[in-house]
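For reference, the structure is listed below as structure tokens.
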Amino acid sequence: MSFGDSKAIISNQDGIHEKLEEVVQKHLSHTFEKPYSQHTLTVFNSLDEEVKSFSGEVILDACCGVGQSTRILAKRNPDALVIGVDKSANRIERNVDEHIDESLANLPNVRLVRADLNDFYRLVAQANWPIKQHFILYPNPWPKSKHLQRRWHGSAVFPQILSIGERIELRSNWPLYLEEFNAGATIVGGFDTILGEVSDEEPITPFEAKYRASGQVCYQLVLTRR
Ligand SMILES: C[S@@+](CC[C@H](N)C(=O)[O-])C[C@H]1O[C@@H](n2cnc3c(N)ncnc32)[C@H](O)[C@@H]1O
């Protein structure tokens with residue numbers, strides 16, 4: 001299976017989307033009421049008790065793909081509970097030997113689940129999970145201008161996304177995605193933000209590895225709640 005196109009993003013948009021403010025304001029003023037999928041609800045319920053009774057840090061790795069970053073974060077934070085979420089069963093469940101060396105296998109503080117984040121985020125926000133760090137690494141960029149609402153900051157769940165985590169980190173090879181997410185967060189307010197190049201020496205996800213191998217720069221946006 002391929003990890004996507006490693007070519008630089010081509011978009012018909014050359015700046016922050018003109019409708020960003022309108023879209024974010026619409027989502028701030030309307031409650032997202034689509035019913036939860038049963039599968040995601042079951043997965044959320046299976047973790048809810050453990051998360052609420054956990055005494056250490058809880059870290060959420062959203063769009064975790066095969067979970068390489070989830071495991072690396074768990075190794076770096078052995079006292080934390082690290083939850084990786086992806087909607088793709090193929091990525092969550094398949095053999096990931098190629099990305100997971102022995103030092104990352106069988107870490108006791110990793111939970112990898114298949115769930116739709118459009119539902120999972122709302123459940124986490126509603127339950128007020130005490131998430132310390134929230135990662136969204138290389139979300140699908142949806143570079144066509146008409147697809148703004150498929151980007152996380154254009155989605156109906158953006159208010160809940162921003163309510164999760166004392167620190168939120170996004171990474172992308174398309175800096176405009178991060179600039180736009182940041183602009184959306186500024187509309188909502190309450191964050192200090194830093195946007196720059198990824199500082200990790202070694203890639204922490206397969207997409208990051210692939211972009212770097214093709215000579216692209218990877219960027220990170222860090223939002224810290226004031
Ligand atoms: C470009 S991949 C990045 C995967 C991984 N973070 C990496 O860097 O290798 C984006 C991932 O987001 C997941 N994803 C997209 N929409 C999602 C949703 N609504 N709920 C859960 N996962 C989603 C996809 O299944 C995919 O694995």
Side-chain angles (χ1 to χ4, degrees), residues 1-11 27 32 34-44 47 59-74 82-101 104 110-125 131 133-144 147-161 164 168-178 181 198 200 202-214 216-221:
M1 183 186 181
S2 135
F3 282 96
D5 194 337
S6 60
K7 291 197 196 96
I9 299 280
I10 296 174
S11 172
H27 292 145
F32 182 12
K34 184 173 155 260
Y36 302 123
S37 69
Q38 188 53 50
H39 173 261
T40 296
L41 197 53
T42 304
V43 163
F44 172 81
L47 290 167
I59 298 175
L60 178 63
D61 184 16
C63 299
C64 68
V66 297
Q68 185 185 33
S69 51
T70 317
R71 292 172 168 98
I72 290 174
L73 291 167
V82 189
I83 301 172
V85 182
D86 201 283
K87 70 176 181 187
S88 160
N90 191 25
R91 289 207 170 139
I92 288 278
E93 288 156 18
R94 80 204 177 92
N95 186 331
V96 291
D97 288 356
E98 155 195 9
H99 305 289
I100 314 296
D101 66 29
L104 296 176
V110 169
R111 305 287 176 273
L112 280 177
V113 294
R114 179 171 77 84
D116 183 345
L117 283 157
N118 288 296
D119 295 346
F120 198 82
Y121 271 139
R122 286 185 288 155
L123 290 160
V124 168
I131 305 287
Q133 303 191 61
H134 173 184
F135 291 84
I136 311 174
L137 304 177
Y138 305 93
N140 292 328
W142 297 106
K144 286 186 184 154
H147 289 151
L148 170 65
Q149 302 210 33
R150 298 192 190 177
R151 302 175 199 155
W152 284 122
H153 43 274
S155 74
V157 78
F158 188 53
Q160 284 86 355
I161 292 176
I164 296 168
I168 306 174
E169 176 172 334
L170 279 88
R171 294 189 185 184
S172 180
N173 63 331
W174 189 33
L176 186 55
Y177 189 102
L178 303 183
F181 191 102
V198 167
D200 278 299
E202 292 297 322
I204 65 166
T205 83
F207 274 85
E208 190 162 86
K210 188 155 182 163
Y211 295 141
R212 283 193 183 180
S214 70
Q216 292 185 58
V217 179
C218 294
Y219 297 90
Q220 67 182 18
L221 170 69

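FYI, side chains are in, hydrogens and waters are out, and symmetry mates aren't considered; it's all heavy atoms of this structure. Ligands are counted one by one from 1 in listed order, and the atoms in each one are counted from 1 as well.
Ligand 1 lies nowhere less than 4.0 angstrom from a heavy atom belonging to W142. Using 4.0 Å as the threshold, A115 has a heavy atom nearer than that to some atom of ligand 1. A heavy-atom separation below 4.0 Å is not found between V85 and ligand 1. Not a single heavy atom of E208 sits closer than 4.0 Å to an atom of ligand 1.
Under a 3.5 Å cut-off, the side chain of D200 and the backbone N or O of E202 do not form any donor-acceptor pair. Proximity of a side-chain donor or acceptor of Y219 to a complementary backbone N or O of Y177 within less than 3.5 Å is not detected.
The closest side-chain heavy-atom distance from Y121 to I164 is below 4.5 Å. Looking at R114 and V43, their side chains never come closer than 4.5 Å, going by heavy atoms from C-beta outward.
Partner of N173 under the side chain to side chain donor-acceptor pair (under 3.5 Å) criterion, chosen from E208, Q216, R212: Q216.
Residue-ligand proximity, N118 to ligand 1, at heavy-atom distances under 4.0 Å covers atoms 19 (N). The T205 neighbourhood of ligand 1 comprises atoms 7 (C), 8 (O), 9 (O), with distances under 4.0 Å to a heavy atom of that residue. Those atoms of ligand 1 with a heavy atom of L137 less than 4.0 angstrom away are 3 (C), 5 (C), 6 (N), 8 (O).
For ligand 1, none of its N or O atoms has an N or O atom of W152 under 3.5 Å away. The shortest N or O to N or O distance between N140 and ligand 1 is not below 3.5 Å. For ligand 1, the polar-atom distance check finds no N/O of Y138 at less than 3.5 Å from any of the ligand's N/O atoms. Not a single N or O atom of P139, backbone or side chain, sits closer than 3.5 Å to an N or O atom of ligand 1.
For the pair R150 and W142, the cation-pi criterion (under 6.0 Å, within 45° of the ring axis) is fulfilled.
Remark: R171 engages E169 in a salt bridge, criterion side-chain N to carboxylate O under 4.0 Å.
Only the side chain of R91 comes within 4.0 Å of ligand 1, judged by heavy-atom distances.
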Exercise. Can F181 and F158 be said to form a ring-ring contact (aromatic ring centres under 6.0 Å, His included), step by step?
Worked result: CA-CA 9 Å; F181 191 102; F158 188 53; 5.1 Å; yes
